[in-house]
Amino acid sequence: MRTQVEEPAHILGQHSIHRLTSSGSRTSGRAAWSRRVVGILGGMGPAATADFYLKLVQATPAAVDQEHLQVLIWSDPTIPDRTEALLTHGEDPTPALIAGARLLQQAGAAMLAVPCNTAHAFLGAVQAEVDIPIIHMIEETANSIHRMKPSIHRVGLLSTTGTQKARLYQTWLEKKGIQVLSPGLDSQENLVMASIRGIKGGSSGFSVRLQFAYAAQQLIDAGAQAIIGGCTEVPVSLGPEDIPVPFVDPARILAESVVQRVLEVA
């Protein structure tokens, strides 16, 4: 069911946002600096958005504050649940995603990053409604895995059930000849989804990390040569030190891709 979401334009008001030039003077309109502004469409969930921004900072080759990126973050935790929309015909998140994307474009963003894997099932409709590019996290991750040495032929995917059902990673990886292994039904619900819900509810400690690691080990035992943290909540708790094969963090790959694009046009 599609619902109408009121555009959050009242936050911007009727006045354009002033932007700083490299000399420090203020200018209205689309100044040269505006090409470097990154918009983060987040809130899905808030902890994952904060984690992504930290990774964006870490990926930026900056020695002083002024060399970091200009970033606008729209963190809207009221966006309807993406997995529920895919699995149970819950409320469609597309209108809220479009509203957030438009707000960021109006505020001066030159590109958008969406640190939510499952939201990528809806981004085609969002991209059609804005004039700035949305950097596709799953495509970037698939390209990164394809470049790994030694070559990866089978990967395990820890993600929401919605991402699994939408075959978001399978679509990009299988055409590169890479097989995606998914957890069994019990592991998916009681280990992966339970841990994702725990992080969204404020828990990211040892027990959550242990559940993710156990689910990952099951996939490794089944032949996975690497593990994708295919929900942005997963890398909040699980890291490379927790498993014996490479851990692929799509949020970090997205951050690095954003930085690369900004530097290309700077």
Side-chain angles (χ1 to χ4, degrees), residues 44-49 51-52 77 79-93 115-122 137-138 141-142 145 148 152-253:
M44 304 168 281
T49 299
D51 180 66
F52 173 71
I79 295 174
D81 188 277
R82 286 65 58 198
T83 292
E84 291 298 316
L86 291 168
L87 296 183
T88 65
H89 303 289
E91 185 178 358
D92 186 0
C116 173
N117 288 267
T118 315
H120 280 64
F122 307 91
M137 177 164 61
I138 296 175
T141 300
I145 293 172
M148 290 175 68
I152 300 294
H153 303 288
R154 291 177 302 279
V155 295
L157 176 61
L158 300 180
S159 74
T160 66
T161 306
T163 293
Q164 299 279 1
K165 180 179 179 180
R167 293 180 53 81
L168 297 177
Y169 279 95
Q170 289 87 339
T171 297
W172 286 100
L173 286 168
E174 288 177 357
K175 60 187 177 184
K176 297 180 181 296
I178 301 171
Q179 180 185 4
V180 178
L181 305 180
S182 301
L185 293 177
D186 182 70
S187 179
Q188 176 65 26
E189 180 58 31
N190 296 316
L191 295 178
V192 181
M193 287 303 298
S195 297
I196 291 171
R197 293 186 190 106
I199 291 173
K200 289 181 179 292
S203 300
S204 59
F206 178 75
S207 62
V208 170
R209 183 164 62 253
L210 201 61
Q211 289 184 138
F212 277 141
Y214 185 53
Q217 188 60 53
Q218 290 178 333
L219 294 171
I220 295 166
D221 293 342
Q225 299 166 284
I227 296 295
I228 303 172
C231 171
T232 42
E233 270 74 29
V234 175
V236 172
S237 180
L238 189 70
E241 68 280 1
D242 298 313
I243 56 176
V245 299
F247 178 66
V248 179
D249 180 354
R252 188 170 297 281
I253 291 169

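Positions are given from 1, in the same order as the sequence printed here.
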Expected list for residues 191-201: side-chain donor-acceptor pairs under 3.5 angstrom, two or more places apart:
from	atom 1	to	atom 2	distance (Å)
S195	OG	L191	O	2.6
S195	OG	Q211	NE2	2.8
R197	NH1	E189	OE2	3.0
R197	NH2	E189	OE2	3.2
K200	NZ	E233	OE2	3.4

#### Entry: Heavy-atom closest pair, residues G223 and L181
C-CD1, 4.0 Å
### Message
Using the salt bridge (Lys or Arg N to Asp or Glu O under 4.0 Å) criterion, which residues pair with D249? Sequence neighbours excluded.
### Response
K55
### Message
If the condition is side-chain hydrogen bond (donor to acceptor under 3.5 Å, both in side chains), which residues does S159 pass it with, not counting sequence neighbours?
### Response
Q164
### Query
Who are the side-chain hydrogen bond (donor to acceptor under 3.5 Å, both in side chains) partners of T163, not counting sequence neighbours?
T118, T160
### Side-chain heavy-atom pair L158, L238 within 4.5 angstrom cut-off
yes
### Task
Under the side-chain hydrogen bond (donor to acceptor under 3.5 Å, both in side chains) rule, collect the residues that match up with N190, sequence neighbours excluded.
D186
### Message
Show me the pairs that pass side-chain hydrogen bond (donor to acceptor under 3.5 Å, both in side chains) and involve residues 238-248, at least two apart or across chains.
### Response
none
### Query
Can you tell me if H120 uses its side chain to pair, donor with acceptor, with the backbone of C116 under 3.5 Å?
yes
### Query
How would you list all residue pairs meeting ring-ring contact (aromatic ring centres under 6.0 Å, His included) that involve residues 210-244, not counting sequence neighbours?
none
## Note on the structure
Correct closest heavy-atom pair for S182 and Q170 would be OG-NE2, 3.8 Å
## Note on the structure
Correct closest heavy-atom pair for L157 and P183 would be O-CD, 3.3 Å
#### Entry: Selection residues 157-166 - residue pairs positive for salt bridge (charged side-chain N to carboxylate O under 4.0 Å, His left out), sequence neighbours left out
none
### Query
Any side-chain donor-acceptor pair under 3.5 Å between Q188 and T161?
yes
### Task
Could you list the residues that satisfy side-chain contact (heavy atoms from CB on, under 4.5 Å) with P77, not counting sequence neighbours?
P46
### Query
P250 versus I228: any side-chain heavy-atom pair under 4.5 Å?
yes
### Message
Quick check against the 3.5 Å criterion: does S237 have a side-chain atom that pairs as donor or acceptor with the backbone of R209?
### Response
yes
### Task
Return the minimal non-hydrogen interatomic distance between P246 and M148, and the atom names on each side.
CB-CE, 3.8 Å
### Side-chain heavy atoms of R252 within contact of P235, under 4.5 Å
no
#### Entry: Side-chain heavy atoms of T141 within contact of N117, under 4.5 Å
no
### V236 and V208, any side-chain heavy atoms less than 4.5 Å apart
no
### Task
Give, for atom CD1 of I243 and atom CD of Q217, the distance between the pair rounded to the nearest 0.5 Å.
8.5 Å
### D51 and T232, any side-chain heavy atoms less than 4.5 Å apart
no
### Message
Is it the case that the side chain of Q225 and the backbone of H153 share a donor-acceptor pair, with hydrogens and angles ignored and the cut-off at 3.5 Å?
### Response
yes
### Message
Going by salt bridge (charged side-chain N to carboxylate O under 4.0 Å, His left out), name the pairs with one or both residues in residues 216-225, residues two or more places apart or in two chains.
### Response
none
### Task
Identify, with sequence neighbours excluded, every residue that meets salt bridge (Lys or Arg N to Asp or Glu O under 4.0 Å) alongside R154.
none
### Query
So, for P80 and P93, which heavy atoms are closest and what is the spacing to 0.1 Å?
O-CB, 3.5 Å
### Message
As an exercise, state the distance from CD1 of I220 to CD1 of I227, rounded to the nearest 0.5 Å.
### Response
4.5 Å
### Query
Yes or no on side chain to side chain contact (heavy atoms under 4.5 Å, CB included) for T171 and I138, after CA distance, side-chain angles and deciding distance?
CA-CA 10 Å; T171 297; I138 296 175; over 6 Å; no
### Message
Going by ring-ring contact (aromatic ring centres under 6.0 Å, His included), name the pairs with one or both residues in residues 156-192, residues two or more places apart or in two chains.
### Response
H136-W172
